Amino acid sequence: MPPARRIVPGLAGVPDEVDVVVVGLGITGAGVALDAVTRGLTVLAVDAHDLAFGTSRWSSKLVHGGLRYLAQGQLAIARESAVERGILMEVTAPHLVRPLPMLTPVNDAMPRSRTAFTWGGLQAGDALRRSARTTTRTLPRPRRLNSTEALGLAPALRADTLRGGLLAWDGQLEDDARLVVTVARTAASYGAHVRTRARVTSATGAGVTMRDELTGTTYDVRARAVVNATGVWAGGLDEQVRLRPSRGTHLVLRGSALPHTRVAVMVPIPDTTSRFAMVLPQPDGTIYVGLTDEPVTGPVPDVPAASEAEIDFLLGVVATAFTTPPTRREVVGAFAGLRPLLEVAGTDATSDLSRRHAILTSTTGVTTVVGGKLTTYRRMAQDTLDALVAAGRLDADPCRTASLPLLGAAAPDDLRRTTAPARLVRRFGTDAELVLATAREVTGLADGELLAPVSEDVPATLAELVFAVTHEGAHDIADLLDRRTRVGLVAADRTAAEPLARRALELAGSAADAT
Ligand SMILES: Cc1cc2nc3c(=O)[nH]c(=O)nc-3n(C[C@H](O)[C@H](O)[C@H](O)COP(=O)(O)OP(=O)(O)OC[C@H]3O[C@@H](n4cnc5c(N)ncnc54)[C@H](O)[C@@H]3O)c2cc1C
């Protein structure tokens, strides 16, 4: 059967043989599917739940230049991050990644040695940017600010002790799950079969057995290579893979909790030399505060939970920098994700475990790709396919993804000139018109209704929810509110948006069934 060219829930009609089966549709699996299909291979990529069900939706939504790795002396990882950041911002996803100004306030409590160390790090980060050939138009050079300039960017900062600030730039995603959906949709547009609600129950290098979670039907698919991209669950599919997950927690605040904060604020964590809590304003008007690094043991939960101790810790750090610090009551949401860190012999602290990706082929023939981060997904996929080709398992064209724009990609100046609704352009780039045209066609409704936000605090629209069903494989309210949009990060907002999500499923349901 020819591929649907759209993402579809369930396994009805999947081929019984392909070149590559990809297990897991977080950023890693979506990236592998895109790399493989654009090298001319036939691909089936599946997720037990939904696109971006796992760690990929719980990130800080940053596209890092690798400064943290530089501080640890890991130059190669740092440079790889900087190169991939440049590719995302200038070639593959300029519609989904924006320059984010990041301000480190310098106050009386910050030792001069720490200020000098931080400034040196920012300079080194800028050298990485230059070596990755990312332009200053995309990411301006760091600079020192006086206290008036710093307060102009973040007026909620404590003014009495402020001496100035250090300003630097990094990449910020519109949304992490949206990147995953866009990569997966791009893979589908090139002909990959992309299926959700499809759990792999056993795998070898020659194929998989899968269960359609909608019908319970079992399918066997033969393949020349099977890639395990199941993140923190990788050990469940291949027991030779050993992970030591660590939990990272973020808080969600309304923008009004730290009014007029237009930049990310890096708040030094007291009694450390180079660790910061980040205050991250989001495109939807909320603010995230993150993040922690807690080793976890025991079974891997489907959805990890933030602990009260982590919430108190983050509020405590942020309180040191702002005049009226956010209170516990102003925390309208919290989310936690598990980093899929590979166990490295002789290391205890998870912050020291390898954060580079690894590609491992077990005795069963399954190839696991694990570790890394959202920023480096493209390189992880390239390395995985290159390894399979080098091992003689696949015969494929060279990697194309470094110069292959994702669906909707366009330069920021071009996007500014489009007349489509701003929210849709931010989330779909040049596909904003397609989103609106699809919603009009499927529902017959007027633009006023299709583009009305759920509420003042919740900018999601019926148009994008309908498109999520027709083109992005959304199957239920959770897919729509927790992954295609991120309304679900605030429980009260999710409740407010449920009727609109239900309406989208009703209006688009029959159209989705027809694909
Ligand atoms: C708190 C936190 C903050 C982070 N912040 C950043 C950041 O700002 N920038 C950055 O670049 N990186 C960041 N990272 C790292 C990044 O988020 C992860 O490295 C990345 O998302 C891992 O993606 P993945 O696809 O490997 O795993 P996942 O996203 O977990 O995907 C695995 C998928 O496999 C599926 N699956 C599992 N078992 C099966 C099965 N048997 N059959 C079918 N499917 C299955 C799951 O449903 C899941 O969807 C952060 C990580 C954490 C934890």
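Each ligand, and each atom within it, is numbered from 1 in the order the structure gives. Quick caveat, the model's predicted, so the values are computed rather than measured.
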Have a look at ligand 1 and work out which part of [X], if any, has a heavy atom under 4.0 Å from it: side chain, backbone, both or neither.
X: Asp47; result: both
X: Arg247; result: neither
X: Ser246; result: neither
X: Tyr377; result: neither
X: Trp233; result: side chain

- prompt: At a 4.0 Å cut-off, with the gap strictly under it, does some heavy atom of Val232 reach an atom of ligand 1?
  reply: no
message: Less than 4.0 Å is my threshold; does some heavy atom of Ala198 fall inside it relative to ligand 1?
response: yes
Numbering as shown, the atoms of ligand 1 that approach [X] to under 4.0 Å (heavy-atom distance):
X: Leu338; result: 53 (C)
X: Leu374; result: 10 (C), 11 (O), 12 (N), 16 (C), 17 (O)
X: His49; result: 47 (O)
X: Gly54; result: 29 (O), 30 (O), 48 (C), 49 (O)
X: Lys61; result: 8 (O)
X: Leu291; result: 1 (C), 2 (C), 3 (C)
X: Trp58; result: 1 (C), 2 (C), 3 (C)

message: Is the shortest side-chain heavy-atom distance between Val83 and Glu80 below 4.5 Å?
response: no
- request: Run through Arg484, Lys61, Gln282, Arg426 and flag the one making a side-chain hydrogen bond (donor to acceptor under 3.5 Å, both in side chains) with Asp175.
  value: Lys61
Nearest heavy atom to [atom]: which of [options] does it belong to?
atom: atom 27 (O) of ligand 1; options: Ala203, Pro304, Gly231; result: Gly231
atom: atom 50 (C) of ligand 1; options: Gly24, Ser59, Ser81; result: Ser59
atom: atom 7 (C) of ligand 1; options: Lys373, His64, Arg483, Glu84; result: His64

